[in-house]
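Let me begin by presenting the structure, written as structure tokens, before commenting on it.
These numbers come from a predicted model, not from an experiment. Atoms considered below: every heavy atom in the structure, side chains included; atoms not considered: hydrogens, waters and symmetry mates.
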Amino acid sequence: MQINGKAVEACGGEFFDVKNPATGELIDRVPMGSENDVDMAVGAAAAASGGWAATSPQQRGVILYRAAGIVRQKKDELAVLLTREQGKPLFEAKNEIEGFANVLEYYCGLAGSLRGDFVTVPQNGYAFTAKKPLGVCAAIIPWNMPALIMAWKIGPALISGNTVVLKPASNTPLTNLALASVLNEAGLPAGVLNVVTGPGNSVGEALVRSREVKKISFTGESGTGKRVAELAAGGMKRVTLELGGSDPMLVCDDAEIESAAIGALRGRFYNCGQTCTAVKRVYVFESVAEEFIKKLEAGIRNLRVGNGLDGNISVGPLNNLSQWEYVKGLVTEIKEKDEGKVLTGGKVPEGCEYEKGYFFEPSLVVDVPRDSRLLNEEVFGPVLPVVTVKDLDEAIEEANNTRYGLGASLWTKNLDRIRTGCEKLNAGVVWINQHLKVAPEVPFGGVKESGMGRENGPDALLEYMDTKTIMLKV
Ligand code: NAD
């Protein structure tokens with residue numbers, strides 16, 4: 001844990017293990033935080049709040065920019081740490097660490113844009129608006145992209161003058177702790193960023209309940225998000241909820257089939273399928289289905305599964321035992337009930353021992369019935385179902401037939417179809433001829449049970465500030 005800029009042990013003196021999902025090796029032991037630790041961290045954040053809010057956005061930007069520079073210098077060691085605790089291939093971990101620095105730098109660039117408005121008001125004279133930080137914000141992080149998602153939260157929160165208590169996922173706290181140390185090294189005043197490690201249902205809930213916490217920025221499953229929203233409502237707190245997704249990919253008959261197959265391959269198997277905006281369902285026009293599936297299958301067979309630290313690996317292990325059990329159980333059920341044809345993969349690789357590497361072969365499933373769990377649950381793993389459709393109307397209807405609405409991609413060269421897709425696909429992000437791309441400059445978030453609020457872009461700053469109106473009669 002880190003409180004007031006220093007590494008501290010938990011009040012209860014207990015620890016929990018962080019293990020490598022590729023090998024089962026113990027990487028480190030981390031303090032098991034409790035409600036008392038949350039109180040201490042929130043107290044530190046509250047004490048630092050006034051001083052930090054009084055600095056200029058430009059001064060804050062200088063510190064964050066320095067931190068981004070240190071992160072770039074330490075990129076290789078941070079990436080190794082991320083791969084060891086999360087499992088992703090090293091090249092993905094390096095991308096993620098770079099993404100952390102990019103996001104921080106982007107918000108440094110926006111420091112000068114934090115300002116209110118001057119408004120003339122009929123009869124009465126003038127009004128001003130001022131943008132005020134909220135105070136102490138909680139940032140609750142999942143294990144799939146712990147570094148990038150940390151930046152999405154602390155970047156806009158800190159630049160706009162808030163202090164933060166961050167709670168990492170228990171499987172991946174080490175990179176978050178290392179990144180928090182970098183911010184301290186860069187000169188962030190004590191108490192501005194604090195980290196409490198420990199279980200979601202105790203530490204996480206205590207943080208959401210804490211009276212001093214004014215806003216909760218949560219990323220995780222939709223079910224957990226609902227619980228967080230419920231608790232936050234009790235204190236009338238602001239929330240940003242970035243939740244689950246079941247992103248569809250729609251491939252039309254005029255699409256570049258080779259690019260679409262590559263898009264599906266990267267979109268599904270990046271991070272071993274554990275990305276909120278992964279391609280989780282493909283709807284392809286019947287007339288090009290055979291060609292698309294053939295190319296995709298060939299691509300999947302070329303993927304190399306293994307320990308992310310080994311060179312040449314394209315897919316690492318699943319991050320944890322429960323995800324591994326879930327994916328294995330789901331694919332076994334599909335085979336037993338004959339609910340689809342597994343064209344490739346569909347099993348644990350040879351020689352993979354229980355609890356010593358949560359590997360699963362990248363899998364392609366076709367002839368999947370519409371009521372299959374594969375199409376209706378958020379499958380967080382390397383399994384891709386492909387369904388054929390007769391036209392765009394059917395594809396859009398199927399794509400929207402879900403409780404989620406995070407992302408969706410449409411693959412076509414036809415402008416009419418692009419316009420229809422942009423208008424009718426019910427998702428927070430619609431990609432055309434690509435999938436998965438996110439950028440600090442562009443707002444990101446979901447509709448329906450994929451959440452509320454936006455991260456990234458200038459919109460995210462508004463999630464961390466109140467508007468105060470001052471009316472003058474002159
Ligand atoms: P999770 O909901 O289990 O946990 C997320 C975080 O919440 C963890 O830090 C956990 O300890 C904490 N937590 C758990 N219970 C809590 C509670 N009752 N109160 C407060 N905090 C609690 O999610 P996960 O398994 O870590 O992550 C995978 C999920 O995250 C997937 O559904 C994925 O789609 C989603 N996700 C969404 C986005 C997005 O931007 N929309 C990005 C990444 C991941």
Any donor-acceptor N or O pair under 3.5 Å, side chains Arg72, Asn102
yes
My understanding is that only residues two or more places apart in sequence, or in another chain, count here; which of them pass side chain to side chain contact (heavy atoms under 4.5 Å, CB included) with Ala45?
Val136, Thr163, Val165, Asn194
What residues form a side chain to side chain contact (heavy atoms under 4.5 Å, CB included) with Thr129, not counting sequence neighbours?
Asp117, Thr467, Thr469
By salt bridge (charged side-chain N to carboxylate O under 4.0 Å, His left out) - contacts of Arg84 (at least two apart):
Glu25
Under 3.5 Å, sequence neighbours excluded: what are the donor-acceptor pairs made by side chains of residues 287-299?
unit_1	atom_1	unit_2	atom_2	d
Lys295	NZ	Glu258	OE1	3.3
Glu297	OE2	Arg301	NE	3.2
Glu297	OE2	Arg301	NH2	2.7

The ring-ring contact (aromatic ring centres under 6.0 Å, His included) partners of Tyr107 (sequence neighbours excluded) come to none
Listed by chain and number, what are the salt bridge (charged side-chain N to carboxylate O under 4.0 Å, His left out) partners of Arg304, not counting sequence neighbours?
none
Pairing residues for Phe444 by the ring-ring contact (aromatic ring centres under 6.0 Å, His included) criterion, not counting sequence neighbours:
Trp152
Parallel, tilted or perpendicular: which fits the ring planes of Phe91 and Tyr270, with parallel below 30° and perpendicular above 60°?
perpendicular
Lys153 versus Ser217, side-chain donor and acceptor atoms under 3.5 Å:
yes
Could you name each residue pair satisfying side-chain hydrogen bond (donor to acceptor under 3.5 Å, both in side chains) that touches residues 342-352, not counting sequence neighbours?
Lys347-Glu361
Between Asn171 and Asn319, a side-chain donor and acceptor under 3.5 Å:
yes
Return each pair, listed once, that meets side-chain hydrogen bond (donor to acceptor under 3.5 Å, both in side chains) where at least one residue sits in residues 202-212; pairs must be two or more places apart or across chains.
Glu205-Arg227
So, using salt bridge (charged side-chain N to carboxylate O under 4.0 Å, His left out) as the criterion, who are the partners of Arg419 when residues are at least two apart?
Asp416
With no hydrogens and no angle check, do the side chains of Trp324 and Ser322 hold a donor and an acceptor under 3.5 Å apart?
no
Under the salt bridge (charged side-chain N to carboxylate O under 4.0 Å, His left out) test, residues paired with Glu286 that sit two or more places apart
none
Return each pair, listed once, that meets side-chain hydrogen bond (donor to acceptor under 3.5 Å, both in side chains) where at least one residue sits in residues 232-242; pairs must be two or more places apart or across chains.
Lys215-Thr240, Arg238-Asp466, Thr240-Glu463
